[in-house]
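Here's the structure, in structure tokens; my notes come after.
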Amino acid sequence: MTATATLLSVEGVNKSFGGARALTDVSIQFLKGEVHALLGENGAGKSTLVKIIAQVISADSGRVVGSKADLSDVAMVFQELSVIPDLSVRENVALSLRKARNGVIPKKAQESRIREALTSAGLGGIDLDVPVEALPLAQRQLLEIARGLASNAETLILDEPTATLSDVEIRRVHDVVRSLAAEGRAIVYITHRLAEVFELSNRITVMRAGKVVANGPTSDFDMASLVTHMLGAEHRAGVVEIFDNTFDPGGARTLRVKALSVANKFNDVSFEVCGGEVTALFGQIGSGADEVVRAIVGYSNLDSGSVRLDEHEISGLSRHGSQKAGVSYVSADRVIEGVFLTASVVRNLTSGVLPSVSRGGVLTNAKEIALAKSVASRVTFDESRVRQPVGSLSGGNQQKIAIGRALATNPAVLVLNEPTRGVDIGARSGIYRALRKLASRNVAVVVYSSDVVELRELADNVITMFRGKTVSEHRVTSVTDAQLVSEILNGTA
Amino acid sequence: MTRTSPAPAVLTDVNAGATTGRTRIRALGEWAGDASVIIAVTTVVLFLIACLVVPEFATADNLRALLLSIALVGIAAVGMSVITIVGRLFSLSVSATVAVSTIIFAGALGLGPWFALVIAVAFGAVAGAVQGVLAGRLKADPIVTTIAGAAVMIGIAQIFSEGRTVAGAGDASVFAINIAGVLPMQVLIFLLVTGVAWWIHRFTVLGRKITLVGLNERAAEVSGLRSWPLVIVAFVASGALAGLAGALLASESGQGNLQLGATFGFDAITAVVVGGISVKGGMGNPLNAAVGAFLVGLLSNALVLVGLTYETQLIVKGVLVLFAIIITGVASQAKNGARR
Amino acid sequence: MYWRLRTYIAWALAISAFLVFAVSDSKFLNAGNLYALVQSFAVIGIVSIGLMLVMVAGEFDLSVAGTVPLAGLVAVRVSEASTVFVGVLAAVVVCGAVGFINGFVTARFALPSLAVTVGTLVLTTGLGFAIAGGQIVTLSDYEAGIALDSPIAELFSFRSLLQIILIAVVGLLFAKTWIGLGIRAVGSDPNRAATAGISIMRTMLTVFIVSGLFAGIAGAMQGVSLAAGVPGDDQAILLQAVTAAIIGGTALSGGRGSTLGVVAGALLLTIVSNGLSLQGTSTAVIQLLNGGILVLVVLVNQPLQTASKRLLDRTILKGKPATV
Amino acid sequence: SSSSTTPRASGSSDVTGMKVTLLTVSQSCAYCATHTDELKADAQKAGVDLTVVVNEFDAGVQAQQVNQVISTKPDAVILWAADATAILPSLARLKSAKIPVVLTNTHPQTDDTSLWTAYTGPDDTDYGRKAGEAMVTALKAKGQTSGSVVVVTGVPGTPGAINRLKGFTETLEKDAPQVTIAGTQNADWDQTKGTTAAAALLTLYGKDDLVGIYAEADNMLAGAIVAADRAGYKPGDLTMVGSNCSIEGYTNIESGAQQASVLLSPYDDASLAWQATLKVLQGDDVANETFIPPVVITNLNLADCAAAVDK
Ligand SMILES: Nc1ncnc2c1ncn2[C@@H]1O[C@H](COP(=O)(O)OP(=O)(O)OP(=O)(O)O)[C@@H](O)[C@H]1O
Ligand SMILES: Nc1ncnc2c1ncn2[C@@H]1O[C@H](COP(=O)(O)OP(=O)(O)OP(=O)(O)O)[C@@H](O)[C@H]1O
Ligand SMILES: [Mg+2]
Ligand SMILES: [Mg+2]
């Protein structure tokens with residue numbers, strides 16, 4: 001540790017939204033050449049704090065002091081992706097090079113800087129003129145990072161940059177972050193993946209309920225102490241729970257995927273999932289694993305192959321058809337297709353099962369509430385909050401509602417796409433518990449995940465994918481992390 | 001240094017919502033949508049003011065005339081609102097549907113007024129269904145679809161009517177009676193239509209599905225809902241109600257022609273927008289469209305009675321509409337601090 | 001990709017319509033007729049370009065139906081009292097101010113612009129009647145209008161040239177500058193655009209003021225040309241402008257649209273109505289044909305979108321990061 | 001006599017094959033459609049090649065259509081102006097292109113009669129006067145010599161609306177000074193708006209000594225009759241006078257809901273225009289202005305209106 005100059009400091013910042021207090025007297029210093037991890041459960045106030053630093057929202061009181069008066073040397077990579085869907089890759093990166101005054105866009109002059117930023121973020125070969133909307137989520141996240149890099153700022157804030165990424169990209173992001181810190185920048189790094197904190201950061205600040213509860217060099221912490229700081233002492237027991245992988249096999253239904261292909265996405269994918277099991281598809285961006293789960297639930301035009309639930313062919317069905325056949329889906333993109341943000345929790349939870357909360361086409365309020373409460377308890381969501389609009393919940397709770405929405409339909413097969421993206425460790429264990437419980441009721445669970453830790457906690461079987469093809473299938477208990485990662489990186493063990 | 005606050009419009013958090021204390025208001029407002037509640041309150045306040053200060057306003061005859069002046073546009077607006085709520089903006093073929101229905105009603109009047117009414121409504125429903133299939137099943141742009149629909153309807157009607165007025169060979173006075181001597185039939189139908197539409201929207205599975213699709217079509221799809229049948233339902237409802245408005249309009253004079261109801265389409269859009277129904281879909285209720293129609297009709301009526309000239313009426317009406325909309329904006333912004 | 005396709009389709013339709021009429025009617029290619037065509041095109045073109053900017057920013061401007069006739073009335077009234085130049089200027093300023101109100105209210109109070117512009121539409125229509133004051137509004141010197149419209153190079157006139165130049169200038173600014181990028185960004189997603197540091201207020205003001213100014217220019221010059229102003233709302237021009245914008249590939253949901261596409265859309269509309277009225281086609285047939293073209297545009301939309309998505313998928317796979 | 005149809009030199013060999021363009025306003029209004037059809041039939045009989053161009057009441061579009069027509073060099077143009085003033089520059093262009101112009105139905109708002117070859121059609125002020133006379137006569141028949149009437153007008157600021165009101169007012173002042181005009185509301189030539197406008201007028205002035213309603217067109221009067229009915233008036237309580245004797249007026253006079261109208265027949269309108277056109281084509285002299293003589297229609301002479309509404 002040579003560089004100790006403070007590049008940015010937050011002093012006594014307070015912030016409330018309406019009557020709800022988001023930040024209370026927060027003071028933190030960010031030092032030159034350091035990666036500073038900012039941790040805390042969902043709703044702890046991390047994003048609020050960094051948005052105040054990035055001048056997206058204003059503090060009620062307190063100050064942010066940077067080396068430049070207008071803080072123009074602070075760049076931010078947002079948690080809710082801020083890449084603009086209709087603009088091309090080039091235009092999106094160019095936006096962060098824009099100076100305050102308007103004028104003609106110097107396309108040629110920017111080209112090399114844009115390329116450079118994209119390459120460091122791991123998007124070296126990308127077509128600059130593709131609209132961002134057409135990119136898969138993970139590439140959009142990398143693009144978001146590229147935007148932060150392009151502006152060449154002294155202080156770079158990354159709000160959950162790796163939430164949507166798989167291990168390879170994560171490693172790449174880590175490399176970039178390390179080299180930026182080595183160049184003498186200050187990096188603020190927010191994450192729910194506690195493992196990477198120890199790998200990457202020099203310093204840690206933990207927030208809880210809008211307050212700083214711990215702060216110090218990374219070496220002062222270990223995993224257990226971090227978790228205690230984050231969740232408070234009373235939460236401690238729940239987190240380290242190891243799940244019981246035994247289940248009742250009787251009378252289960254079986255999902256059989258045979259030689260499934262979608263042009264340009266994946267090819268000849270086959271596997272079986274029995275009721276009571278959790279099977280995870282594991283692959284990195286572009287491996288086609290997430291496309292497989294979308295295809296199962298009726299989102300792709302299949303080129304060949306079949307999907308059967310017991311003896312019923314369900315491969316040609318639309319989303320509506322597959323839902324009717326008993327396949328429920330939890331999308332990776334919470335805001336766009338996961339929940340109805342302005343509708344109440346009740347309405348979200350009952351949206352897929354309207355017939356069962358109505359009589360003769362007329363909704364029965366009592367049934368709706370009863371169903372919502374029972375589903376809420378299954379996903380460990382506070383029953384007393386079911387009348388709130390989902391938009392007013394924290395990210396973790398929103399994700400619980402998205403999953404609850406699928407659970408409410410009592411599916412034979414539950415398909416999830418990145419179910420715990422951006423969810424804190426406490427809420428995450430709640431979600432795993434709910435999914436395990438579901439599996440033990442003979443539901444076949446298929447999950448796409450890019451997180452090894454998640455596989456360990458959640459899955460019975462793992463199918464690795466590489467470049468649109470399955471590599472191999474394992475019981476999760478009989479394979480090492482190294483082997484899994486190697487398979488998705490190289491296509492062989 | 002201390003930060004100054006940027007414009008409030010840039011607040012970005014998707015978590016925007018009410019404080020806990022306001023949660024109850026929010027839950028209350030959920031069925032009506034925030035904006036529309038304010039508009040409804042504004043309407044009531046303006047109504048009371050008009051009763052107190054505008055001479056001749058609070059007479060039975062004038063109130064009946066006021067209701068009659070909005071009944072038909074109101075019916076068309078309630079239909080239009082379903083399209084807006086399901087997230088398909090507006091139908092620009094309402095005027096054309098109304099005009100063609102007047103001709104159909106007049107043409108069929110010889111077979112009895114109720115029969116003619118049913119035929120006109122059925123025509124509207126079919127016309128709506130065709131556009132609904134385009135806009136729903138084939139995912140065509142609703143605005144273009146309905147512009148095309150209007151062009152085709154007017155074109156065909158012109159060929160058949162040769163542009164002439166069709167005089168009905170029958171008596172349509174049954175639609176001009178006053179129920180119990182006070183409530184005009186047209187107004188009764190308008191209230192019934194509004195009530196039924198509100199009830200369906202609020203209490204039935206169909207209404208809920210339409211709302212959910214309007215709120216977030218992709219999320220609805222993830223839940224296993226199909227959007228296109230609901231879009232078709234919305235267009236059928238809008239078409240049928242435009243047909244109903246046309247039939248009642250034709251019944252006033254027992255005649256139909258292509259000039260009748262020319263202003264209905266735009267007036268219905270105005271009612272939907274002024275009523276506070278979100279053009280983004282899912283927020284608001286058919287009742288709000290009826291309130292919007294009432295508000296605009298109320299303004300027109302009161303301003304005439306105050307004795308303003310036509311141009312002054314329009315200017316004042318424009319300013320008041322802007323004002324009502326701004327109040328809505330200020331109030332809902334105060335509530336969640338976010339854009340839209 | 002897909003939206004560029006939409007531009008090509010609009011051009012293909014416009015060019016085919018042109019060829020069909022050129023072949024089927026010998027009078028069509030007559031300079032006088034083409035002059036009439038360019039005259040009509042310039043008016044629809046400039047109004048739809050203004051509206052396109054608003055639509056790309058994710059908003060809508062209904063008040064165009066009020067500002068076009070209002071501009072005519074102001075231009076004629078003021079011209080009568082002073083000079084035609086002052087008259088046109090006054091009209092354009094008034095319409096710019098209406099645009100300012102639209103933009104400011106929309107951005108400041110975070111309101112749907114459809115609602116805001118319903119208000120300003122009623123307001124401007126009322127102002128129009130107030131200016132007319134129940135009288136007939138005429139410009140006694142209609143020579144000024146004739147001069148404005150006197151043919152230049154047989155096909156153009158000062159009026160159409162000025163409008164076409166304005167269309168081109170705005171087209172260039174929209175395609176090449178930060179302003180255009182900002183408009184598209186805001187239309188695509190206002191919240192994200194704001195996070196990227198784009199001022200929503202400034203963008204809204206820009207698009208609505210341009211839309212107001214362009215409607216003002218079209219209406220004012222039309223007024224001088226006709227030497228008359230008529231109060232009331234002009235829904236026909238609004239409807240034509242929206243149609244041109246949509247045929248040209250402007251998305252009602254915002255974020256997308258190209259000047260070239262909208263120009264093609266406006267051309268298509270003008271060519272069809274010019275060609276048909278040249279042949280004395282009955283309105284019923286004109287209506288049916290217009291409906292048919294729109295249904296066609298609407299129907300090719302979906303298959304095209306799917307096809308271009310396929311294409312995109314392929315390019316994205318090709319451009320996959322080197323790490324994989 | 002109500003019909004001005006006279007034998008004419010149709011089919012004369014010198015006009016066969018000549019080209020005439022009719023620039024008219026609409027085909028979806030009954031009057032306009034009949035007017036166009038009549039001209040088409042006349043042209044066909046005479047062997048004249050008639051092209052019909054429609055602008056849907058859009059003066060801007062009509063200006064471009066005039067440009068277009070000039071480029072096709074027809075032998076004559078029959079023109080129904082979408083706007084009485086906005087047509088002037090176009091008339092000047094037609095004049096400098098030396099194309100003979102027969103104006104029909106709408107008299108341009110100018111004193112410069114050299115801008116056209118012939119005008120045929122109504123004189124709106126005269127129509128207003130006749131309506132006034134009809135009102136006064138009907139009131140006198142009921143023994144009402146004083147009281148007030150209200151007027152439902154067309155689009156404010158248009159010559160038709162202004163001039164009909166002017167003629168009506170003049171006559172009332174002259175023939176029945178005790179009958180005053182209590183108020184006016186515009187209804188933009190629209191039936192539905194006629195109902196709303198009349199309802200407002202009835203609320204405002206109904207309590208007073210209201211004795212009649214004049215609407216500048218029968219369709220607006222049909223709307224007003226609905227409003228009167230809703231306000232509790234019995235047919236005949238108020239003296240209802242309309243104009244044009246369109247189908248709405250015909251049925252309402254027949255049923256007794258309306259007392260009078262002033263006949264404006266699309267057949268006469270078209271026929272006069274065609275006679276003038278023929279003269280122009282044949283190179284004969286033609287009167288610069290020919291007005292259709294307005295005829296008051298009541299239930300006594302309703303038959304005179306029958307032809308105009310295809311009864
Ligand atoms: N715009 C807003 N309006 C009202 N409340 C808000 C707003 N933004 C955030 N909040 C609330 O402030 C608190 C802190 O939220 P913040 O987004 O900072 O949490 P976080 O630590 O980033 O959580 P996560 O890990 O889920 O991203 C939460 O209770 C949240 O609901
Ligand atoms: N946008 C908002 N506006 C107003 N109040 C909010 C908003 N978001 C959250 N709240 C309120 O603030 C409190 C804390 O919200 P938060 O979302 O952080 O809940 P949480 O239980 O901490 O979530 P999690 O368990 O996912 O961390 C709740 O009472 C909630 O109703
Ligand atoms: Mg919390
Ligand atoms: Mg956060």
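We name chains A, B, ... by the order of the sequence lines, and we start the count at 1 in each one. Basis for what follows: all heavy atoms, side chains included, without hydrogens, waters or symmetry-related copies.
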Closest-packed option against chain C by number of heavy-atom pairs under 4.5 Å, given B:Ile159, B:Val321, B:Ile326: B:Ile326
Closest heavy-atom pair and its distance - B:Gly155, C:Ala284: O-CB, 3.5 Å
Pairs of heavy atoms under 4.5 Å with chain B: top-ranked of C:Thr243, C:Leu252, C:Thr125: C:Leu252
Shortest non-hydrogen contact from C:Gly126 toward B:Leu314: CA-CB, 3.3 Å
B:Phe266 vs C:Leu62, side chain to side chain contact (heavy atoms under 4.5 Å, CB included): CA-CA, chis, key distance, verdict: CA-CA 10 Å; B:Phe266 187 73; C:Leu62 284 171; 4.3 Å; yes
Proximity breakdown for B:Phe323 and chain C, heavy-atom pairs closer than 4.5 Å: neither
Proximal component of C:Ile131, with respect to chain B [non-hydrogen, under 4.5 Å]: neither
Residue C:Val105 versus chain B: region with a heavy atom under 4.5 Å: side chain
Top contributor to chain C contacts, counting heavy-atom pairs under 4.5 Å, from B:Ile147, B:Leu320, B:Leu92: B:Ile147
Residue selection (most heavy-atom pairs with chain C, distance under 4.5 Å) from B:Val274, B:Leu89, B:Ile143: B:Ile143
Heavy-atom proximity to chain C below 4.5 Å, by part of B:Val279: side chain
Spacing of OG1 belonging to B:Thr270 relative to CG belonging to C:Leu121, to within rounding of 0.5 Å: 7.5 Å
From OG1 (B:Thr145) to CG (C:Leu294), nearest 0.5 Å: 9.0 Å
Segment of C:Ile246 engaging chain B (4.5 angstrom heavy-atom cut-off): side chain
Atom pair CD1 (B:Ile315) and CG (C:Leu127), whose distance is rounded to the nearest 0.5 Å: 4.5 Å
Side-chain heavy-atom pair C:Phe129, B:Thr312 within 4.5 angstrom cut-off: no
Minimum-distance pair of heavy atoms, taken over all atoms of C:Val295 and B:Ala148: CG2-CB, 3.8 Å
Worked check of side chain to side chain contact (heavy atoms under 4.5 Å, CB included) between B:Gln158 and C:Thr283: CA-CA 8 Å; B:Gln158 216 164 64; C:Thr283 24; 3.0 Å; yes
Pairwise side-chain contact, B:Leu134 with C:Leu299, heavy-atom cut-off 4.5 Å (strictly under): yes
